[in-house]
Each structure stands twice: as structure tokens, then as C-alpha cells.
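Residue numbers run from 1 in the order of the sequence given. These numbers come from a predicted model, not from an experiment.
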Amino acid sequence: MYRLDEEDRKALKKVLDIKHYEKDTFDPKILDQMETNDEYKQALCEHAGDILASEQFLRLKEFIQHGNVTVYEHCIHVALCAIRLNRVLYANSKERELVRGALLHDYFLYDWHNADAPGNIHPKLHGFYHPGIALKNATRDFVLSEREKDIIHKHMWPLTINPPRCREAWLVCLADKYASTLETLKLKKGKIRVNYA
């Protein structure tokens, strides 16, 4: 069983509570800065060049995730946020697995807004089922470590009943909530200007 102390609970509540975000601590420009950060771009290319160049992964550009942000752009945002969290919090996670899991966390390969889209087997319950679908697709197309599998499968916690089992999965879970919130509230628009392939 996972037990959080009071300080951890307060920190998680602050990160996950989007009803009353503070403009000063919830800055959409952070994603813009990370997109153009050469160090972060190098980390993405070094750890996941094969994923970024994959024709299947590039198909994520065809599907909208939030607002006008594509699934591809969202996955890049989450990977960048995860790198930043890892480095700023000195979390000491395995950066290669962190980046690869973050890029593949929404690798479900269908338009979740369209109930009739091929592959959208649970249209009204996408939030609950897409981590399993993404994991199935990712294991088909890439060789994954156990940590990478945990990241993909548990990134929607608490919608997924079992919590993440490694620090990399926790970081991606938080990074996904942060990036999704910016995108959903339209504080962060799509169209990444950096070519990661």
C-alpha cells in the first residue's frame, strides 16, 4: 500500500486542483520555453530518436487531443514536462525510460472524439481504457522496459485503479495532468515549431 505524508498530499492536491489555479505558478509559457530548450530537445532525440522517427508515432499528428493540440504535440509536451520535473525536483529517475514512456503514454492511434473511429472500442470511457490500448500498441511497435510499460499503463491514475509503481510513472502522471490542463483550458495552443524527428 502506498502511503503519503501530509506534505505530499498537499503538494499533490495543489498540482491536481485545476479549479483554482494561480496564474503565477501555472504558466503556459513554460511549455513554449521547454519546446525551444536545446538540452530538452537533445534528451528527447538521444533517448527516443527511434520513436520520434517512427511512421506509426508520426501518425499521432493526425489526431486531436485537447483543443487544437494534436496527440503528437501533447506527447511531446508531456515528455518535456516530465524531463523538467525530474531535473527540477532532483527525482533521479531513469531519464531514458521517463522520456520513452512519456512519448508513448497516449499511443492509442485513433480519434477519441469520434465514437465510430476504428480502434475506439470504448468511446464513452476513453479515459479509462486508452492506457491499455496505448500499451498494447506500444508493445507491438517498440521494445519496452517494465518501467516504460508502467508509465503508459498507469498515467491516468486515479482513473486507473492501481497507482504507478515507479517514480518515472509518477512524474509522467503529473506531467500529463499539467500539460492536459494547459491544453484543455486553451492556455497552450498547438503547433510545435521544433522538429524532433
Side-chain angles (χ1 to χ4, degrees), residues 2 4 8 11-12 15-16 30-31 33-35 37-61 65 70-109 127-183 192 194-197:
Y2 297 91
L4 300 173
D8 290 337
L12 279 172
V15 169
L16 299 176
I30 288 174
L31 286 178
Q33 293 163 2
M34 285 187 283
E35 285 175 14
N37 183 309
D38 288 336
E39 233 179 278
Y40 291 176
K41 180 179 178 180
Q42 182 182 353
L44 286 183
C45 295
E46 178 184 329
H47 298 309
D50 61 321
I51 294 172
L52 293 166
S54 159
E55 285 185 35
Q56 283 294 89
F57 184 76
L58 293 174
R59 282 189 57 212
L60 297 179
K61 292 180 178 183
Q65 180 73 321
T70 66
V71 178
Y72 172 86
E73 290 164 333
H74 170 70
C75 290
I76 298 285
H77 291 158
V78 172
L80 294 170
C81 285
I83 292 169
R84 182 176 173 95
L85 283 171
N86 184 44
R87 293 180 180 185
V88 169
L89 298 175
Y90 301 101
N92 253 357
S93 75
K94 297 181 183 307
E95 194 170 78
R96 177 180 168 77
E97 291 169 302
L98 177 75
V99 167
R100 295 174 72 79
L103 287 174
L104 295 171
H105 81 281
D106 277 345
Y107 191 64
F108 45 81
L109 300 171
F128 293 92
Y129 286 95
H130 80 270
I133 296 167
L135 179 59
K136 180 181 170 190
N137 292 339
T139 50
R140 178 194 65 214
D141 295 342
F142 304 98
V143 176
L144 302 177
S145 71
E146 289 307 310
R147 285 176 196 266
E148 291 162 354
K149 290 176 186 176
D150 194 56
I151 291 167
I152 298 165
H153 200 240
K154 310 276 182 60
H155 78 272
M156 283 300 289
W157 184 84
L159 291 184
T160 53
I161 296 169
N162 297 319
R165 293 179 54 191
C166 62
R167 73 184 74 189
E168 293 81 6
W170 278 109
L171 289 171
V172 170
C173 186
L174 292 173
D176 183 43
K177 307 290 185 276
Y178 186 80
S180 296
T181 302
L182 291 175
E183 294 162 0
I192 290 178
V194 178
N195 181 7
Y196 292 96

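- Inter-residue side-chain proximity for V172 and V78 is flagged as met; some heavy-atom pair is nearer than 4.5 Å.
- Between atom CG of residue L171 and atom OG of residue S93 there is a gap of 5.0 Å, rounded to the nearest 0.5 Å.
- Between L52 and L58 the shortest heavy-atom distance is O-CD2, 3.5 Å.
- Side-chain contact, D106 with H155: a donor N or O sits under 3.5 Å from an acceptor N or O.
- D150 places no side-chain N or O within 3.5 Å of a backbone atom of A169 that could act as its donor or acceptor partner.
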If you look only at distance, which donor and acceptor atoms sit under 3.5 Å apart when one is on a side chain in residues 140-147 and the other is two or more places apart or in another chain?
{"unit_1": "R140", "atom_1": "NH1", "unit_2": "N137", "atom_2": "OD1", "d": "3.3"}
{"unit_1": "D141", "atom_1": "OD2", "unit_2": "Y107", "atom_2": "OH", "d": "2.6"}
{"unit_1": "S145", "atom_1": "OG", "unit_2": "E97", "atom_2": "OE2", "d": "2.6"}
{"unit_1": "S145", "atom_1": "OG", "unit_2": "R147", "atom_2": "N", "d": "3.4"}
{"unit_1": "S145", "atom_1": "OG", "unit_2": "E148", "atom_2": "N", "d": "3.1"}
{"unit_1": "E146", "atom_1": "OE2", "unit_2": "K149", "atom_2": "NZ", "d": "3.4"}
{"unit_1": "R147", "atom_1": "NH1", "unit_2": "E168", "atom_2": "OE1", "d": "2.8"}
{"unit_1": "R147", "atom_1": "NH1", "unit_2": "E168", "atom_2": "OE2", "d": "3.4"}

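- By the 4.5 Å heavy-atom criterion applied to side chains, S180 and H74 are counted as neighbours.
- Here the straight-line distance linking atom CG of L89 with atom CZ of R84 works out to 10.0 Å at 0.5 Å rounding.
- A pairwise comparison of heavy atoms in I83 and A43 identifies CD1-CB, 4.0 Å as the closest pair.
- Distance alone, capped at 3.5 Å, is enough to place a donor-acceptor pair between the T139 side chain and the L135 backbone.
- How far CH2 of W157 is from NZ of K177: 8.5 Å, rounded to the nearest 0.5 Å.
- The shortest heavy-atom contact between R100 and A48 is NH1-CA, 3.7 Å.
- For G101 against I152, the heavy-atom pair with the smallest separation is O-CG1, 3.9 Å.
- Between H105 and C75, some side-chain heavy-atom pair lies under the 4.5 Å cut-off.
- In this structure, OH in Y178 is found 12.5 Å from CG in L80, a value given to the nearest 0.5 Å.
- Of all heavy-atom pairs between A102 and I151, the closest is N-CG2, 4.0 Å.
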Task: Derivation of the side-chain contact (heavy atoms from CB on, under 4.5 Å) call for E95 and E46 - done: CA-CA 10 Å; E95 194 170 78; E46 178 184 329; over 6 Å; no
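- Nearest heavy atoms, V99 versus A79: O-CB, 4.4 Å.
- Once rounded to the nearest 0.5 Å, the distance linking CE of M156 with NE2 of H130 reads 5.0 Å.
- You'll find the side chain of R167 stays beyond 4.5 Å of the side chain of N86, heavy atoms only.
- The CH2 atom of W170 sits 9.5 Å away from atom NZ of K154, with the distance rounded to the nearest 0.5 Å.
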